[in-house]
Enquirer: 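After the structure tokens below, expect a handful of questions from me.
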Amino acid sequence: MPLEIIGLGKSEVKFIWDDGAEDTFGARDLRLRCNCAHCVSETTGQRLLDPATVPLDLTVANMHLVGNYGVGIHFSDGHGTGIYRFRELRPKAP
């Protein structure tokens with residue numbers, strides 16, 4: 001779990017981990033990685049989200065922790081159903 005997540009109102013999100021490492025992701029990049037049922041078919045695993053429909057100037061409208069394992073991000077395009085698991089954002093974490 002990160003010590004700090006910075007990105008509200010911004011076009012990128014920075015995760016500061018407990019070992020001092022930092023990872024920064026563009027808001028649009030995170031939006032394109034969304035694995036919710038609106039973006040990825042639950043039955044086939046096929047990506048449903050068309051990248052051309054995601055604005056280039058996307059920002060983070062809101063964020064909230066989801067348990068101890070992830071963060072929910074609501075984007076300026078209105079999408080907010082995805083959960084971004086910390087282990088997927090930093091798979092090599094000790």
Side-chain angles (χ1 to χ4, degrees):
M1 187 163 168
L3 293 176
E4 191 171 8
I5 304 171
I6 303 165
L8 195 57
K10 299 183 184 290
S11 61
E12 45 181 45
V13 180
K14 180 189 287 189
F15 295 86
I16 301 172
W17 305 99
D18 60 358
D19 64 358
E22 297 180 7
D23 290 305
T24 302
F25 299 91
R28 187 171 191 273
D29 294 332
L30 287 171
R31 174 71 178 88
L32 292 173
R33 289 175 65 164
C34 183
N35 286 320
C36 79
H38 294 283
C39 297
V40 176
S41 170
E42 292 180 90
T43 54
T44 67
Q46 177 184 356
R47 183 143 296 276
L48 303 173
L49 176 64
D50 178 1
T53 65
V54 179
L56 295 175
D57 61 349
L58 198 70
T59 59
V60 174
N62 201 352
M63 293 186 290
H64 64 279
L65 289 176
V66 179
N68 288 324
Y69 67 91
V71 62
I73 301 175
H74 191 97
F75 297 96
S76 59
D77 68 351
H79 187 75
T81 56
I83 297 172
Y84 298 85
R85 292 185 167 102
F86 299 136
R87 70 171 185 241
E88 294 169 356
L89 294 171
R90 190 159 186 239
K92 296 179 186 178

Enquirer: Between Y84 (side chain) and I73 (backbone), is there a donor-acceptor pair under 3.5 Å?
Expert: no
Enquirer: In this structure, would I83 and V13 fall into the same cluster of hydrophobic residues linked by side-chain contacts under 4.5 Å?
Expert: no
Enquirer: Report yes or no: do L65 and Y69 belong to one cluster of Ile/Leu/Val/Met/Phe/Trp/Tyr joined by side chain heavy-atom distances under 4.5 Å?
Expert: no
Enquirer: Could you tell me which non-hydrogen atom of N35 sits nearest to which non-hydrogen atom of V40, and how far apart they are?
Expert: OD1-CG2, 3.7 Å
Enquirer: Flag the pair L58 / H79 as yes when at least one side-chain heavy-atom distance between them is below 4.5 Å, and no otherwise.
Expert: no
Enquirer: Testing the basics here: between R31 and C39, what is the closest heavy-atom pair and its distance to 0.1 Å?
Expert: NH1-SG, 3.3 Å
Enquirer: If only atom types and distance count, is the side chain of R28 paired as donor or acceptor with the main-chain N or O of P51 below 3.5 Å?
Expert: yes
Enquirer: At their closest point, which heavy atom of W17 faces which heavy atom of L3, and how far apart are they?
Expert: O-CD1, 3.9 Å
Enquirer: Not counting sequence neighbours, which residues clear side chain to side chain contact (heavy atoms under 4.5 Å, CB included) with H74? List them please.
Expert: A61, N62
Enquirer: Excluding sequence neighbours, so at least two apart, what forms side chain to side chain contact (heavy atoms under 4.5 Å, CB included) with A37?
Expert: E42
Enquirer: What's the separation between atom OG1 in T53 and atom CG in L48, rounded to the nearest 0.5 Å?
Expert: 11.0 Å
Enquirer: Give a yes or no on whether the backbone of S41 and the side-chain of T44 come within a donor-acceptor separation of less than 3.5 Å.
Expert: no
Enquirer: Can you get from L32 to M63 by hopping between Ile, Leu, Val, Met, Phe, Trp and Tyr side chains that sit under 4.5 Å apart?
Expert: yes
Enquirer: Which heavy atom of R47 sits nearest to which heavy atom of C34, and what is that distance?
Expert: NH1-O, 2.9 Å
Enquirer: Passes side chain to side chain contact (heavy atoms under 4.5 Å, CB included), V60 versus K10? Steps please.
Expert: CA-CA 6 Å; V60 174; K10 299 183 184 290; 5.9 Å; no
Enquirer: Output, in order, the C-alpha distance, side-chain angles, deciding distance and verdict of side chain to side chain contact (heavy atoms under 4.5 Å, CB included) for D23 and L89.
Expert: CA-CA 8 Å; D23 290 305; L89 294 171; over 6 Å; no
Enquirer: Tell me every residue that passes side chain to side chain contact (heavy atoms under 4.5 Å, CB included) with I16, counting only those two or more places apart in sequence or in another chain.
Expert: E4, I6, K14, E22
Enquirer: Using a cut-off of 6.0 Å, state whether more than 12 heavy atoms not belonging to H38 lie near its atom NE2.
Expert: no
Enquirer: Does a sphere of radius 6.0 Å around CG in N68 hold more than 12 heavy atoms from other residues, nucleotides or ligands, not counting ones at 6.0 Å or beyond?
Expert: no
